Amino acid sequence: MKKDQLNELLYQMLETEMGGVEVYRAAIRCATNADLKREWQKYLQQTENHVQIVTEIFENLGLDPEAETPGRKVVRHIGDSLVKAMGMALSSATPEAAQIVAAECVVLAETKDHLNWELLGQVAKKAKTEHRRALETAQEKVENEEDEHLYHTAGWARELWIEFLGMPAVMPPPEEEKDVKTAIGAARAKQARTEML
Ligand SMILES: [Fe+2]
Ligand SMILES: [Fe+2]
């Protein structure tokens, strides 16, 4: 394991979660569907908890949570851009369109968040014994929530677009109804949507 690169992953993870809090705050302002708003409020709370969990990993490994890296700056820039994009949509688009922009922004943010935790799972298996337990515990706690954040919101983005286009949509999306927690489950849920109409 390359230690500097592992630290880089952790810095990016912390920045992704901190940016995620701001992304959810903006997305909730764009949400008009009550079910979606409730989902995102739950994901916001979970993301605030993820910031805490990553901070505890930093303490465990003796890393400075304030340390700046070029990769971390890029993650922050992307997060800020997503928040700005939602602000633009909120001030210039219809509420229906702004909600779709928010769903797409959450999917973009969660794609990175999901990848981070997947990678941490790989790292945990190879970590030195003294750190393995802490990394594994953190990863197990968060992994299912990250699956839900990504797959369920991707389902919302698709169904909101379908409704926007004037076609029959499944609301809440099949990913929500079937409580999808894996990529294969998401593919199955998508396939089942026509039967759910
Ligand atoms: Fe997260
Ligand atoms: Fe997430």
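First listed ligand is number 1; within each ligand, the first listed atom is number 1. Keep in mind the model is a prediction, meaning the values are calculated, not measured.
One of the N, O or S atoms belonging to Glu146 lies under 2.8 Å away from the Fe ion (ligand 2). Residue His149: an N/O/S atom is found under 2.8 Å from the Fe ion (ligand 2). The nearest N, O or S atom of Glu110 is closer to the Fe ion (ligand 2) than 2.8 Å.
Summarising the local packing, CG of Leu197 is surrounded by more than 12 heavy atoms from other residues, nucleotides or ligands at distances under 6.0 Å. Other residues, nucleotides and ligands place no more than 12 heavy atoms under 6.0 Å from the CE atom of Met88.
Taken from CD in Glu39 to NE2 in His152, the straight-line distance is 7.5 Å, to the nearest 0.5 Å.
Side-chain contact annotation: Glu145 with Trp117, donor-acceptor N/O pair under 3.5 Å absent.
No other N/O/S atom of His50 lies as close to the Fe ion (ligand 1) as ND1 does. Within Asp113, the N, O or S atom at minimum distance from the Fe ion (ligand 1) carries the name OD2.
Gln99 places a side-chain N or O within donor-acceptor distance of the main-chain N or O of Thr32, the cut-off being under 3.5 Å.
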